[in-house]
Amino acid sequence: DVKVTQSSRYLVKRTGEKVFLECVQDMDHENMFWYRQDPGLGLRLIYFSYDVKMKEKGDIPEGYSVSREKKERFSLILESASTNQTSMYLCASSYLRPSGQETQYFGPGTRLLVL
Amino acid sequence: SQQGEEDPQALSIQEGENATMNCSYKTSINNLQWYRQNSGRGLVHLILIRSNEREKHSGRLRVTLDTSKKSSSLLITASRAADTASYFCATAIYNQGGKLIFGQGTELSVKP
């Protein structure tokens, strides 16, 4: 079975702190994604990566950065956490195939509270 | 703007009844996928329908796709309390490298 793990289920941080969210997948997927999920807004794509050291901005990249040094690991970084970044963060991964019919496999999510 | 919009936002039914959820989208797609999310957890892929398909079945799930109306529906037959979850449609656009655009979801409650 595909497994996508996230470093924390729950996280409480203070405004201004630097926050690292880690995601690891074990299926040799090329693509990895970071979303945030807020009530009434669904899932919004923050960043994604289709290869090591490659990254692309999603719909809401402001206030975030990412790092992909190894194929299996994709990190989301909040350089200076703010209260409006309190949210559920979901990581996902998928194969990159010409057919474009990849399904995404999700981690369990990290619920981040910024005080 | 949202590519996928779902209707209804919330649905409450009795066990044994069928549940139907709808999804509309705006641009041409490669495929449309449905995902399920149990409360506080990650999403799980349910079913994928390609743009050249009209209907697909998987167990108690039936998905239809009408590309002329840019809409899809997910039918869960003979629902169970364990089907209680949020359901999301997601569209894949051509040449977008595997990116999906998710709708806001339908929250389904199945009462025993």
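Numbers restart at 1 for each chain; the letters A, B, ... are given by sequence-line order, proteins then strands. Below, all heavy atoms of this structure are taken into account, side chains as well, without hydrogens, waters or symmetry copies.
Once rounded to the nearest 0.5 Å, the distance linking OH of Tyr35(A) with CG of Leu100(B) reads 5.0 Å.
Counting only N and O atoms by type, the side chains of Gln104(A) and Gln33(B) include no donor and acceptor under 3.5 Å apart.
Within residues 40-50 of chain B, the residues approaching chain A closer than 4.5 Å by heavy atoms are, in numerical order, Gly40(B), Arg41(B), Gly42(B), Leu43(B), His45(B), Leu48(B), Arg50(B). The stretch residues 108-115 of chain A places Pro108(A), Arg111(A) near chain B, each with some heavy atom under 4.5 Å from a heavy atom of that chain. Within residues 62-70 of chain B, no residue has any heavy atom closer than 4.5 Å to a heavy atom of chain A.
In this structure, Leu75(B) shares a hydrophobic cluster with no other residue, the cluster being traced through Ile, Leu, Val, Met, Phe, Trp and Tyr side chains under 4.5 angstrom apart.
Contact of Glu56(A) with chain B is not made at all, since no heavy-atom distance falls under 4.5 Å. Of the atoms belonging to Tyr95(A), not a single heavy atom falls under 4.5 Å from chain B. Using a 4.5 Å cut-off between heavy atoms, Tyr50(A) makes no contact with chain B at all.
More than 12 heavy atoms of other residues, nucleotides or ligands sit less than 6.0 Å from atom CD of Glu72(A). Other residues, nucleotides and ligands contribute only 12 or fewer heavy atoms inside 6.0 Å of the CZ atom of Arg80(B). Within 6.0 Å of CD in Glu55(B) there are more than 12 heavy atoms belonging to other residues, nucleotides or ligands.
Leu21(A) and Ile46(A) fall within a single hydrophobic cluster, where Ile, Leu, Val, Met, Phe, Trp and Tyr are joined by side-chain heavy atoms under 4.5 Å apart, directly or via other members. Residues Leu108(B) and Leu74(B) share a hydrophobic cluster, clusters being chains of Ile/Leu/Val/Met/Phe/Trp/Tyr side chains in contact below 4.5 Å. If you chain together hydrophobic residues whose side chains sit under 4.5 Å apart, Tyr47(A) and Met32(A) fall into the same group. If you chain together hydrophobic residues whose side chains sit under 4.5 Å apart, Val66(A) and Met54(A) never meet in one group. With hydrophobic clusters built from ILVMFWY side chains whose heavy atoms lie under 4.5 angstrom apart, Trp34(B) shares a cluster with Ile93(B).
The side-chain heavy atoms of Tyr35(B) and Thr103(A), taken from C-beta on, include a pair separated by under 4.5 Å.
Minimum heavy-atom separation, Leu43(A) to Phe88(B): CD1-CE2, 4.1 Å. Nearest approach of Leu45(A) to Lys99(B), heavy atoms of both residues: CD2-CE, 3.8 Å. Minimum heavy-atom separation, Gln37(B) to Leu90(A): NE2-CD1, 4.1 Å.
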